[in-house]
Amino acid sequence: KEKVNRTRKQNSITVSGKNVPAPIESFDDCNILPQVLKNIVKMGYSNPTPIQMQAIPIMMQGRQILACAPTGSGKTMAFLIPVINSLKKPKSDGFRALIVCPTRELARQIFRECTQLTEQTGLRTYLISKLTQKHISKGENISKKCDILITTPNRLVYILRQEDSKMDLKHVEWLIVDESDKLFEVGVRGFRDQLGEIYRACDSENIKRAMFSATHTVHVAKWCKKHLKGMISVGVGHRNT
Ligand code: ADP
Ligand code: ADP
Ligand code: MG
């Protein structure tokens, strides 16, 4: 217990919530699938960053999380590793993980990392882009052929609203909201309402949600406390509001 506190302190990790698992100090510490571990090494990562140390064991236990850590601190791998690990093998039920982020560039970046991390696992990742959106609009049912979906809210909501939409989010076990502070903003483009629609479309009984962002916003924290059962809040470094 003391060691856990020391490790957190040394890495500027703060946590709040019930029964928070101990941070890992190495990627070998928490039953990551051998192939995923191989892929992590191949990508050049030898040790977890502070947010990865704490978020990975939390999500590996299937706990919901609100994570705040500075830009460049490795948040992408902090959610990709536990999500991929929990999906394990490809299935043809429909998407089992959905990652939503505010910009197309970011979506592409996450897609690239996810593709590398799922190498040789058989898991298939789908990125909704201008091009692939056309396939979906024409009625192609991609849901059954892929495991992980990465998208900006606009594009997904557009697809969900189509009358004959074959987009099926009923099997989503993990909903990841990256840069959640931005997606919660009430803006011209109305990300907030779009996120609500996506949230409602993911209506599986055992859905788990994870919010990641660089800044801690009171609004997001309050929302998570109210809606995410058993949620753990993790912060790294200073709280920049
Ligand atoms: P954030 O989302 O927190 O802004 P990213 O996930 O984009 O950060 O990661 C920032 C950079 O750190 C990326 O170039 C990524 O490849 C690298 N990175 C991620 N995890 C590790 C790690 N465990 N060790 C070294 N570099 C890492
Ligand atoms: P489209 O490709 O038609 O523009 P997208 O959903 O892919 O539709 O667009 C996402 C883009 O919208 C991002 O590149 C982002 O810069 C911009 N954007 C819209 N609203 C916001 C917002 N509230 N905060 C940040 N970026 C936003
Ligand atoms: Mg990021």
Side-chain angles (χ1 to χ4, degrees), residues 7-8 10-15 21-60 65-85 97-119 121 125 127-128 148-153 156 174-185 191 195 198 209-217 220-221 224 232-241:
T7 307
R8 288 204 182 112
Q10 278 167 353
N11 292 282
S12 301
I13 301 168
T14 54
V15 296
I24 53 166
E25 291 185 74
S26 147
F27 287 123
D28 301 320
D29 285 356
C30 65
N31 300 313
I32 296 173
L33 297 167
Q35 185 58 49
V36 177
L37 215 44
K38 264 191 214 167
N39 295 342
I40 293 172
V41 173
K42 199 171 160 196
M43 289 168 83
Y45 308 142
S46 42
N47 286 107
T49 64
I51 190 60
Q52 292 164 3
M53 293 170 73
Q54 189 60 82
I56 291 171
I58 289 173
M59 291 177 69
M60 298 259 286
I65 187 173
L66 167 62
C68 298
T71 303
S73 64
K75 291 190 288 295
T76 314
M77 289 303 249
F79 59 75
L80 284 181
I81 292 170
V83 164
I84 287 164
N85 213 71
L98 169 60
I99 300 165
V100 182
C101 66
T103 69
R104 274 178 277 168
E105 305 81 76
L106 186 56
R108 222 174 291 126
Q109 222 171 297
I110 299 170
F111 176 77
R112 240 179 276 127
E113 278 192 77
C114 195
T115 305
Q116 290 177 288
L117 197 58
T118 51
E119 243 179 59
T121 64
T125 310
L127 174 72
I128 304 181
I148 304 165
L149 178 64
I150 304 174
T151 182
T152 54
L156 180 56
W174 276 107
L175 168 61
I176 312 293
V177 181
D178 194 19
E179 311 227 343
S180 53
D181 51 340
K182 292 208 183 72
L183 290 179
F184 263 79
E185 279 170 14
F191 270 161
L195 203 57
I198 293 166
R209 301 156 190 113
M211 309 277 175
F212 280 79
S213 76
T215 51
H216 178 95
T217 60
V220 177
C224 289
I232 296 172
S233 174
V234 176
V236 169
H238 306 289
R239 227 184 214 199
N240 40 10
T241 321

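As the structure lists them, so they are numbered: ligands from 1, and atoms in each ligand from 1.
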Who's the nearest protein heavy-atom neighbour of [atom], and how far?
atom: atom 3 (O) of ligand 1; answer: Lys75 NZ, 2.8 Å
atom: atom 7 (O) of ligand 1; answer: Thr76 OG1, 3.7 Å
atom: atom 23 (N) of ligand 1; answer: Asn47 O, 2.8 Å
atom: atom 18 (N) of ligand 1; answer: Tyr45 CE2, 3.6 Å
atom: atom 20 (N) of ligand 1; answer: Gln52 NE2, 2.9 Å
atom: atom 1 (P) of ligand 1; answer: Gly72 N, 3.4 Å
atom: atom 8 (O) of ligand 1; answer: Gly74 N, 3.1 Å

Are any side-chain N or O atoms of [X] and backbone N or O atoms of [Y], one a donor and one an acceptor, separated by less than 3.5 Å?
X: Gln52; Y: Gly74; answer: yes
X: Thr151; Y: Ile128; answer: no
X: Asp181; Y: Val220; answer: no

- line: Rounded to the nearest 0.5 angstrom, the NE2-OG distance for His216 and Ser233 is 6.5 Å
Qualifying side chain to side chain donor-acceptor pair (under 3.5 Å) pairs, either residue in residues 37-46, two or more places apart: Gln35-Asn39, Lys42-Glu119
- request: Sorted by first residue and then second, give each side chain to side chain donor-acceptor pair (under 3.5 Å) pair with at least one member in residues 108-117; sequence neighbours left out.
  value: none
message: I'd like to check Lys182 versus Leu106 (side-chain heavy atoms, cut-off strictly below 4.5 Å). Are they in contact?
response: no
- prompt: Do protein heavy atoms approach atom 14 (O) of ligand 1 to less than 4.0 Å?
  reply: no
Counting each atom of ligand 1 from 1 as listed, which ones have a heavy atom of [X] under 4.0 Å away?
X: Thr49; value: 21 (C), 22 (C), 23 (N)
X: Ser73; value: 1 (P), 3 (O), 8 (O)
X: Thr71; value: 4 (O)
X: Pro70; value: 3 (O)

message: Taking only non-hydrogen atoms of Ala69, do any sit less than 4.0 angstrom from ligand 1?
response: no
- prompt: Does at least one non-hydrogen atom of Ser46 fall below 4.0 angstrom from an atom of ligand 1?
  reply: no
message: Apply side chain to side chain contact (heavy atoms under 4.5 Å, CB included) to residues Ile24 and Met60 and explain how you reach the verdict.
response: CA-CA 11 Å; Ile24 53 166; Met60 298 259 286; over 6 Å; no
Residue of the set Ile84, Ile150, Ile99 for which side chain to side chain contact (heavy atoms under 4.5 Å, CB included) holds with Thr125: Ile150
task: List the steps and the verdict of side chain to side chain contact (heavy atoms under 4.5 Å, CB included) for Ile110 and Cys101.
output: CA-CA 9 Å; Ile110 299 170; Cys101 66; 4.0 Å; yes
- request: Return yes or no for this condition: an N or O of Glu113 is under 3.5 Å from an N or O of ligand 1.
  value: no
